[in-house]
Visitor: 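Sharing a structure with you now.
Each ligand, and each atom within it, is numbered from 1 in the order the structure gives. This chain uses plain numbering: 1 for the first residue, then up along the sequence.
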Amino acid sequence: MKQTCLLKDCSKILLTEEEIKVRVKELGEQITKDYQGKEPVMVCILKGASVFFVDLLRSINLPVRMEFMAVSSYGNSTDTSGVVRILKDLDHSVYGKDVIIVEDIVDTGLTLSYIKREMLGRGATSLAIAALLDKPERRKKPLEVDYKGFTIPNEFVVGYGLDYQERYRNMRDIGVLKEELYSK
Ligand code: PRP
């Protein structure tokens, strides 16, 4: 299905539905290998990661558990404190569990650094990060992504869960948003 009504707002497609599908399958296979004999708790950071989350989970041949967390950053985007507010917390404890945090994108790294610290503080046995996209140019806090989909340049991307003012999340491809749409 061509989503012409959404694609018209993009200056180019960065990653096609097919490219994403292939890579997500590879990440799922890698996680399956690495967690043999385990039942990892997969934590989806709402909302952006939701699309990647469901596709990734279905590429994993292990009995995983699903958890959801919603966070919002304090202060403005230039604030490097990295303190985030938890809007919706996990339903179950991660104490003694192998946790995999699933994100759509790592930008400054502040959100994930905080969540990582928080999960380890709660007694998770191990912690890994799966992120579909990584924008290393924007990093403010060093952060290793264990399962990375793609490294991308510093461009405004939307689709496959990523939004601009809550729009474009349902786009099947990932595209670069036309500059005139957000620079007004
Ligand atoms: C995005 C993304 C990460 C965070 C990454 O979420 O999903 O959670 O920003 O940025 P950072 O590395 O600079 O901390 P956003 O706040 O846009 O919310 P959303 O997922 O609901 O779109």
Visitor: What residue among Phe68, Phe53, Tyr147 forms side-chain contact (heavy atoms from CB on, under 4.5 Å) with Val102?
Guide: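 The side-chain contact (heavy atoms from CB on, under 4.5 Å) with Val102 is passed solely by Phe53 among Phe68, Phe53, Tyr147.
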
Visitor: Quick check on Arg169 - does any of its heavy atoms sit under 4.0 Å from an atom of ligand 1?
Guide: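 Contact check Arg169 vs ligand 1: positive.
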
Visitor: Quick one: does ligand 1 sit under 4.0 Å from the side chain of Arg138, the backbone, both or neither, non-hydrogen atoms only?
Guide: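 No part of Arg138 is near ligand 1 at this cut-off.
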
Visitor: Can you check atom 9 (O) of ligand 1: any protein non-hydrogen atom closer than 4.0 Å?
Guide: no

Visitor: Taking distance alone, with N or O pairs closer than 3.5 Å, would you say Ala49 contacts ligand 1?
Guide: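 No, since none of the N or O atoms of Ala49 sits under 3.5 Å from an N or O of ligand 1.
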
Visitor: Kindly indicate whether atom 6 (O) of ligand 1 is approached by any protein heavy atom to under 4.0 angstrom.
Guide: no

Visitor: Any donor-acceptor pair under 3.5 Å linking the side chain of Arg139 with the backbone of Asp107?
Guide: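 Checked: pair present.
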
Visitor: Which ligand 1 atoms, with their elements, are less than 4.0 angstrom from a heavy-atom of Gly48?
Guide: 19 (P), 20 (O), 21 (O)

Visitor: With under 30° as parallel and over 60° as perpendicular, where do the rings of Tyr182 and Phe156 fit, or are they tilted in between?
Guide: tilted

Visitor: If I apply the N/O under 3.5 Å rule, does Ile105 come out as touching ligand 1?
Guide: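 No, Ile105 has no N/O under 3.5 Å of an N/O on ligand 1.
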
Visitor: Got the closest protein heavy atom to atom 21 (O) of ligand 1, with its distance?
Guide: Lys47 N, 3.0 Å

Visitor: Quick one: which ligand 1 atoms are inside 4.0 Å of a heavy atom on Thr111?
Guide: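 Those qualifying, in numeric order: 4 (C), 8 (O), 10 (O), 11 (P), 14 (O).
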
Visitor: Can you list the atoms of ligand 1 that are under 4.0 Å from a heavy atom of Thr108?
Guide: 11 (P), 12 (O), 13 (O), 14 (O)

Visitor: Which atoms from ligand 1 have a heavy atom of Leu46 less than 4.0 Å away?
Guide: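 Taking each heavy atom of Leu46 in turn, ligand 1 has 20 (O), 21 (O) under 4.0 Å.
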
Visitor: Does Gln3 use its side chain to pair, donor to acceptor, with the backbone of Arg172 at less than 3.5 Å?
Guide: yes

Visitor: Give the atom numbers and elements of ligand 1 that come within less than 4.0 Å of a heavy atom of Asp104.
Guide: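 Counting from 1, the qualifying ligand atoms are 2 (C), 7 (O).
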
Visitor: Is Glu29 paired with Lys33 through a side-chain N to carboxylate O contact shorter than 4.0 Å?
Guide: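 No, no charged N to carboxylate O under 4.0 Å.
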
Visitor: Would you say the side-chain atoms of Thr151 and Asp134 include a donor-acceptor pair closer than 3.5 Å?
Guide: no

Visitor: Exactly one of Ile174, Ile105, Leu56, Val51 should register a side-chain contact (heavy atoms from CB on, under 4.5 Å) with Leu132. Which one does?
Guide: Ile174

Visitor: For Lys8, look at atom NZ and say whether over 12 heavy atoms of other residues, nucleotides or ligands are found less than 6.0 Å away.
Guide: yes

Visitor: Determine if the distance from atom 16 (O) of ligand 1 to the closest protein heavy atom is below 4.0 Å.
Guide: no

